[in-house]
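Below is one structure, written out as structure tokens, with a few remarks after it.
Residues: numbered from 1 along the sequence shown. Side chains included, hydrogens not; waters and symmetry mates left out as well; all remaining heavy atoms used.
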Amino acid sequence: MIPVNEPLLPGRELEYINDCITTGWISSAGKYIDRFEREWAAYCGRKYGVAVCNGTVALELALSALDIPAGREVILPSFTIVSCLEAVLRNSLIPVLVDCDPRTYCMDIADVRRKITPQTAAIMPVHIYGHPVNMAELLPLAKAHNLRIIEDAAEAHGAECLVDGKWKRCGSFGDVSAFSFYANKNITTGEGGMVLTDDPAIAAKLQARRNLCFGGKERFRHEDRGWNYRMTNLQAAMGCAQLERIDAFIARKLDMAARYNTGLQNLPLQLPFIEPWAKTSVWMYAVVLEDSVPFDANEFAGRLMALGVQTRPFFKGMHEQPVYRQMGLFLDASLPVTERIYRRGLYLPSGQAITDEQIEQVITSVRSTLV
Ligand SMILES: *Cc1c(COP(=O)(O)O)cnc(C)c1O
């Protein structure tokens, strides 16, 4: 079977992790933590990086550091991972969902504009499958309404967006930005995440709250509440080694996408669309069945699996989640694009370890399923 994602750890990962073990620096202090924070922030064009134990808590902590009063609204896409919604709810804020663009699957900015109210405090753009949200439109909108931005860049390591004539990396736009380094992301620490910001006061809050807000002078005297969301030096060691390879990783992803694009032409399948103002990092190669196909994504996935090709379904929109509906949330939400692509979309094997032969095999399997 061709797995949907397999990481590649080809560089100095083992050497750096060995260094942690032989020197005894295995918890959340150590030179790799500092280095990974500094280097990842610099790569993204930011001043401060605060490493944490995964991308989900990165979002929660990022939002917490903005200290938005409870009960205010945060606008976010329905088409995303549950982590985004949980970050909003766990900060006692009200989620307001928007639909997505039918071609990039990123948040629909016209819908954001419609849903801004006097209660809105922030917007959470999520760069989906490596394609950036149109930040050139979103940033001025946020500014005009005095809204904060929490950027979820967990799928967009190295992706870029054209703003004011300049290409800028995803993760450089938000008041706070969150990354994940889970095993299937473009660079990985196994489990891991980071929050980036340019604001020294926010950075100080992030550092304190990820570490239980221990006191300065008196360690066990607490003036604020926090969590233990620390990353280990071992994880950061892996991150440093992965970061040394990021250019090659992204080049390979683009090469993979080019091969899929060529091999999957002239099928009733919507292939990834890239806006002229976007440079994708191709986190996942996502396809959507056209309406002429007489079966849905679930059936498509089953047929591909029978041919030895593992896929992943698209996100089920947050407004269709039983858990939130039971809480009385989103009961009359109608977000047709999100609803449609959830039923018609999946992503093909897209991991770093995939070979050219496997890509060809996937193409042959998809063609035989659809022709
Ligand atoms: C992976 C992901 C996260 C969460 O990251 P974890 O490290 O798995 O907790 C958050 N947002 C998006 C969009 C993701 O794809």
Could you tell me how the ring of H157 sits relative to the ring of W40: parallel (under 30°), tilted (30 to 60°) or perpendicular (over 60°)?
-> tilted

Pick one: which of R230, R210, M231 meets side chain to side chain contact (heavy atoms under 4.5 Å, CB included) with V50?
-> R210

Is there a donor-acceptor contact under 3.5 Å from the side chain of S83 to the main chain of T56?
-> no

Residues R221, E223: salt bridge by 4.0 Å N-O rule = yes

Between Q235 and T232, a side-chain donor and acceptor under 3.5 Å | yes

Salt-bridged, R148 to D175, with N to O below 4.0 Å?
-> yes

Relative to each other, are the rings of Y324 and F330 parallel, tilted or perpendicular (30° and 60° limits)?
-> perpendicular

Do D67 and R209 sit within salt-bridge range, that is, some charged N less than 4.0 Å from a carboxylate O?
-> yes

Same cluster for V293 and L348 if Ile/Leu/Val/Met/Phe/Trp/Tyr side chains link at under 4.5 Å?
-> yes

Answer with yes or no after comparing the ring centroid distance for F315 and Y342 against a 6.0 Å cut-off, counting only values under it.
-> no

Locate the shortest heavy-atom distance separating V163 from A136; write the atom from each residue and the value.
-> CG2-N, 3.8 Å

Is Y43 atom OH crowded by more than 12 heavy atoms from other residues, nucleotides or ligands, each under 6.0 Å away?
-> yes

With the threshold set at 4.0 Å, does a side-chain nitrogen-carboxylate oxygen contact exist between D34 and R38?
-> no

Parallel, tilted or perpendicular: which describes the rings of F79 and Y129, with under 30° parallel and over 60° perpendicular?
-> perpendicular

E339 bridged to R344 by N-O distance under 4.0 Å | no

Would you please indicate if the ring centroids of Y16 and F36 are separated by under 6.0 Å?
-> no

How far apart are the closest heavy atoms of L243 and E39, and which atoms are they?
-> CD2-CB, 3.6 Å

Do H131 and T280 have side-chain atoms, one donor and one acceptor, less than 3.5 Å apart?
-> no

Any donor and acceptor pair, going by atom type alone, linking the side chain of K115 with main-chain N or O of L97 inside 3.5 Å?
-> yes

Judged by atom type as modelled, is there a donor-acceptor pair below 3.5 Å linking the side chain of K253 to the main-chain atoms of S350?
-> yes

Any ion pair linking D356 and R252 (charged N to carboxylate O, less than 4.0 Å)?
-> yes

Counting only heavy atoms not in N146, do more than 12 fall under 6.0 Å of its CG?
-> no

Verify, without hydrogens or angle tests, whether D19 (side chain) and I21 (backbone) share a donor-acceptor contact under 3.5 angstrom.
-> no

Distance under 6.0 Å and angle within 45° of the ring axis: does K279 meet both against W167?
-> yes

Charged N to carboxylate O under 4.0 angstrom, E320 versus K316?
-> no

Verify the ring-centre separation between Y347 and Y285: is it less than 6.0 angstrom?
-> no

Report the residues that fulfil ring-ring contact (aromatic ring centres under 6.0 Å, His included) with F214, sequence neighbours left out, ordered by chain and then residue number.
-> F220, H222

Other residues, nucleotides, ligands: >12 heavy atoms within 6.0 Å of R325 CZ | yes

Is a side-chain N or O of N233 found less than 3.5 angstrom from the main chain of I33, in a donor-acceptor match?
-> yes

Counting heavy atoms not belonging to I26, are there more than 12 under 6.0 Å from its CD1?
-> no

Heavy atoms only: give me the nearest A241-R12 pair and the separation to one decimal.
-> CB-C, 3.6 Å

Kindly write out the residues that satisfy salt bridge (Lys or Arg N to Asp or Glu O under 4.0 Å) with R312, not counting sequence neighbours, or none if the list is empty.
-> none

Partner residues of W227 under the ring-ring contact (aromatic ring centres under 6.0 Å, His included) criterion, sequence neighbours left out | Y229

